[in-house]
Amino acid sequence: MAEVVESEEVTLKKLKTMMADFAKERDWDQFHSPRNLLLAMVGEVGELSEIFQWKGEVPRGLPDWKDEEKQHLGEELSDVLLYLVRLADICGIDLGKAVLRKLELNGKKYPVKLCKGSSRKHTQISCEDDCNENGGKEEDPTK
């Protein structure tokens with residue numbers, strides 16, 4: 001696989017091609033079924049979770065983390081992303097288009113005027129007053 005230059009822009013298309021080439025060079029296509037890729041990705045999410053497991057809440061930017069910890073985090077995040085890109089490719093899903101469609105759908109499910117400042121799920125949003133009760137701290141609205 002070709003070396004990546006750090007200043008080079010990374011796109012989903014480029015990652016997809018690089019992952020396909022990587023697997024082909026190693027004759028791994030035979031192992032890259034949707035199920036196997038999903039399970040591998042779940043394993044990587046577990047490794048990612050371990051990094052945060054005993055840290056409690058951490059501030060944005062991870063200011064108290066050592067460079068080695070941030071590098072390890074980047075590696076685990078990359079593993080998850082690479083498996084996700086590969087899984088989408090194997091399943092014939094255009095991940096870029098799917099993401100844009102999902103953002104549009106989320107915009108409709110979570111209109112700004114009804115949910116600004118609230119973490120309530122779309123099924124709990126019915127009016128502006130409901131959205132601002134309890135400071136909107138109930139749950140993550142992206143689920």
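By convention here, the first residue in the shown sequence is residue 1.
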Requested in this report: Would you indicate whether the side-chain heavy atoms of M41 and V80 approach each other to under 4.5 Å?
Outcome: yes
Requested in this report: Kindly check if the number of other-residue, nucleotide or ligand heavy atoms within 6.0 Å of NZ (K55) is above 12?
Outcome: yes
Query raised in the report: Salt bridge check: are E9 and K14 linked by an N-O gap of less than 4.0 Å?
Result: no
Report task. Decide if atom NZ of K24 counts as having more than 12 heavy atoms of other residues, nucleotides or ligands within a radius under 6.0 Å. Result -> no
Query raised in the report: Does a side-chain heavy-atom distance below 4.5 Å link K97 with L100?
Result: no
Query raised in the report: Rounded to the nearest 0.5 Å, how far apart are CD of Q124 and OG of S118?
Result: 8.0 Å
Requested in this report: Taking the side chain as every heavy atom from C-beta outward, state whether L105 and K109 have any pair of such atoms under 4.5 Å apart.
Outcome: no
Report task. Please check if the side chain of N36 supplies one atom and the backbone of F31 the other of a donor-acceptor pair under 3.5 Å. Result -> yes
Query raised in the report: Under the side-chain contact (heavy atoms from CB on, under 4.5 Å) criterion, do F52 and L73 qualify, and how do the steps go?
Result: CA-CA 9 Å; F52 289 93; L73 175 60; 3.6 Å; yes
Report task. Determine yes or no for a side-chain-to-main-chain donor-acceptor pair under 3.5 angstrom, with K70 supplying the side chain and G61 the backbone. Result -> yes
Query raised in the report: Is the backbone N or O of H122 less than 3.5 Å from a side-chain atom of Y110, with the two atoms forming a donor-acceptor pair by type?
Result: yes
Requested in this report: Could you pull out all residues at least two apart from E104 that satisfy salt bridge (charged side-chain N to carboxylate O under 4.0 Å, His left out)?
Outcome: K108
Query - Spacing of NE2 belonging to H32 relative to CG belonging to L37, to within rounding of 0.5 Å - result: 5.5 Å
Query raised in the report: Less than 4.5 Å apart, any side-chain heavy atom of V58 and any of W65?
Result: yes
Requested in this report: Evaluate the ring planes of W28 and F22, with Trp represented by its six-membered ring, and classify them as parallel (under 30°), tilted (30 to 60°) or perpendicular (over 60°).
Outcome: perpendicular
Query raised in the report: Between CD of E44 and CG of L84, what distance do you get to the nearest 0.5 Å?
Result: 12.5 Å
Requested in this report: Apply side-chain contact (heavy atoms from CB on, under 4.5 Å) to D94 and L12, showing your working.
Outcome: CA-CA 9 Å; D94 181 325; L12 290 174; over 6 Å; no
